[in-house]
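Quantities reported herein were computed from a predicted structural model and do not represent experimental measurements.
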Amino acid sequence: MSNTSPIRFSFFGSSRFSVLILDELERAGILPISVITTPDKPQGRHLTLTPTLVKSWAVQRNIPVHDPEILDSSFAEKIATEQAQVFVVASYGKIIPASIINIPPRKTLNIHPSLLPIFRGASPLQSAILHDTKDTGITLMRIDEKMDHGPIVAQEKIHVAEWPTYDVLEKEMAEKGAQLLIRTLPQWINGSISEQEQDHVAATFTKKIVKEDGLVDLTGNAYSNFLKIQAFHTWPQAYFFHEHAGKKIRVKITEASYSHSVLHITRVIPEGSKEISYEDFQRGYSLLS
RNA sequence: CGCGGGGUAGAGCAACGGUAGCUCGUCAGGCUCAUAACCUGAAGAUUGUCGGUUCGAUUCCGGCCCCCGCAA
């Protein structure tokens, strides 16, 4: 990579989406000077304190990591000494106060996987799937004080032919997002690109997904169920309840397909068991007549 | 020590203190124009692992390994 004047930027992110973007940037030979992520949290079956994916990623590459609990003035001072030209945010998980987004001379950009002002908020990708919005895209915007409200710097439309599972869509969007950033960042830094106010009237908002959203009614609409299964593939996963041996168990649907108005479930994880094929599930859990 | 479920023939499940049964699959034969359908028969399990209790454990107890659900 012949990068004569590398851009100094810090990266804010915490989730898998963030890491996918970092991966793509790295492939282009672009690395942040530091990474800011959320603090380690108890995770997994034994509630062991686990760092975010982004923290692990940065540690492996010897990139300085900050994981402040609160983004207060002392953190602002610390981060200011790093002299970044711009901050880049992707799925950070916390609201970043104005006192911090305005630190770098070229402010703070956010990669958001939807065509803003559509699908502002916490779950743009899941919402696109659930609403069957196949003409979607990614937006590079400058962060202001309100959630996903700032002016648009660049946008790329993406058409989805058929809905993949969430993780696949996420990866695609992250890669496209990173590429958009790579193309746009130099112009943004030298000021040759102008930002565009969002059409706030047209804005729609997405909610944070909760566990209960994953419950599906298998007697309901096959296509909506399919969309749910795809959208919630990573978390919380679409599930239904089944009575077995006098106990009510939760059964997660991990794989399904849809064709000719029919939903075909192919893989499930019954509670307390491992992942099995739906046929095995029907046999083993006395569902077959 | 966050809570809980589970590890039994290739797969999914059942049972029981006295060497284990069902469905599917597999193999052989039959039926059929034919078939993933049907009929008959067969093969296939040291019941996760180590130790303990017992006349005897797969079934009871304890340690270990592995898997999963909740929670986060």
Taking atom [atom1] in both [N] and [M], what distance in whole Å separates the two?
{"N": "B:rC55", "M": "B:rC68", "atom1": "C1'", "answer": "39 Å"}
{"N": "B:rA9", "M": "B:rU46", "atom1": "P", "answer": "8 Å"}
{"N": "B:rU59", "M": "B:rU23", "atom1": "C1'", "answer": "23 Å"}
{"N": "B:rA36", "M": "B:rG25", "atom1": "C1'", "answer": "12 Å"}
{"N": "B:rA72", "M": "B:rU26", "atom1": "P", "answer": "45 Å"}
{"N": "B:rG7", "M": "B:rU49", "atom1": "P", "answer": "13 Å"}
{"N": "B:rC13", "M": "B:rG52", "atom1": "C1'", "answer": "30 Å"}
{"N": "B:rA15", "M": "B:rG21", "atom1": "C1'", "answer": "7 Å"}

Just name whichever nucleotide pairs with [N], Watson-Crick or G-U, keeping both distances under 3.5 Å, else none.
{"N": "B:rC70", "value": "B:rG2"}
{"N": "B:rG62", "value": "B:rC50"}
{"N": "B:rA28", "value": "B:rU40"}
{"N": "B:rC22", "value": "B:rG12"}

> Has A:Glu197 got more than 12 heavy atoms of other residues, nucleotides or ligands less than 6.0 Å from its CD?
Replying inline: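 Yes, because the 6.0 Å sphere around CD of A:Glu197 holds more than 12 heavy atoms from other groups.
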- Above 12 or not: heavy atoms from other molecules or residues under 6.0 Å from NZ of A:Lys41?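 Not more than 12 within 6.0 Å, no.
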Heavy-atom side-chain contact between A:Arg106 and A:Trp188 under 4.5 Å: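 A side-chain contact under 4.5 Å exists here.
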* **Student check: side-chain heavy atoms of A:Arg120 and A:Gln198 closer than 4.5 Å** =>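 Yes, their side chains come closer than 4.5 Å.
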Worksheet item: By ring-ring contact (aromatic ring centres under 6.0 Å, His included), which residues pair with A:Tyr239, not counting sequence neighbours?
Response: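 By the ring-ring contact (aromatic ring centres under 6.0 Å, His included) rule, A:Tyr239 matches A:Phe241.
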Q | Partners meeting ring-ring contact (aromatic ring centres under 6.0 Å, His included) with A:His264 (sequence neighbours left out) | A |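 By the ring-ring contact (aromatic ring centres under 6.0 Å, His included) rule, A:His264 matches no residue at all.
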Between the protein and nucleotides 12-16 of chain B, which nitrogen or oxygen pairs come in under 3.5 angstrom?
unit_1 : atom_1 : unit_2   : atom_2 : d
B:rG12 : OP1    : A:Lys274 : NZ     : 3.1
B:rG12 : O2'    : A:Asp280 : O      : 2.9
B:rG12 : O2'    : A:Gly284 : N      : 3.3
B:rC13 : OP1    : A:Ser273 : OG     : 3.1
B:rC13 : OP1    : A:Tyr285 : OH     : 3.0
B:rC13 : O2'    : A:Gly284 : O      : 3.1
B:rA14 : OP1    : A:His244 : NE2    : 3.4

Find the distance [X]:[atom1] to [N]:[atom2] and express it as a whole number of Å.
{"X": "A:Tyr239", "N": "B:rG5", "atom1": "OH", "atom2": "P", "value": "21 Å"}
{"X": "A:Gln237", "N": "B:rC68", "atom1": "CD", "atom2": "P", "value": "11 Å"}
{"X": "A:His242", "N": "B:rG69", "atom1": "NE2", "atom2": "P", "value": "17 Å"}

Exercise. Judged by modelled atom types alone, do A:Ser114 and A:Thr136 share a side-chain donor-acceptor pair under 3.5 Å?
Worked result: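 Not at all, the side chains of A:Ser114 and A:Thr136 share no donor-acceptor pair under 3.5 Å.
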Margin query: Ignoring hydrogens and geometry beyond distance, is a side-chain donor-acceptor pair present between A:Ser10 and A:Ser34 at under 3.5 Å?
Written below: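 The criterion, which ignores hydrogens and geometry beyond distance, is satisfied for A:Ser34 and A:Ser10.
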Is it the case that the ring center of A:Phe12 lies less than 6.0 angstrom away from the ring center of A:Phe87?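 Here the rings of A:Phe12 and A:Phe87 have centres that are less than 6.0 Å from each other.
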**Message:** Before we go on, tell me: are the rings of A:Tyr258 and A:Tyr223 under 6.0 Å apart, centre to centre?
**Reply:**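 Yes: the rings meet the under 6.0 Å criterion.
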**Report entry** Close residues, residues 42-49 of chain A, relative to RNA chain B [heavy-atom separation under 4.0 Å]
**Finding:**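 Result for residues 42-49 of chain A: A:Pro42, A:Gln43, A:Gly44, A:Arg45, A:His46, A:Leu47, sorted by number.
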- Message: Below 4.0 angstrom, which residues in residues 250-263 of chain A have at least one non-hydrogen atom near RNA chain B?
- Response: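 Per residue number, the list reads A:Arg250, A:Lys252.
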Handout entry: Along RNA chain B (nearest heavy atom to each residue), the more 5'-positioned of A:Glu271 and A:Lys41
Key =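 First, find each residue's nearest nucleotide; the 5'-ward one identifies A:Glu271.
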Looking at residues at least two apart in the chain, or sitting in another chain, which of them share a side-chain hydrogen bond (donor to acceptor under 3.5 Å, both in side chains) with A:Lys171?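 Scan of A:Lys171 (side-chain hydrogen bond (donor to acceptor under 3.5 Å, both in side chains), adjacent residues dropped) gives A:Glu175.
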Do the ring planes of A:His131 and A:Phe119 sit parallel (below 30°), tilted (30 to 60°) or perpendicular (above 60°)?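 Aromatic pair A:His131/A:Phe119 classed tilted.
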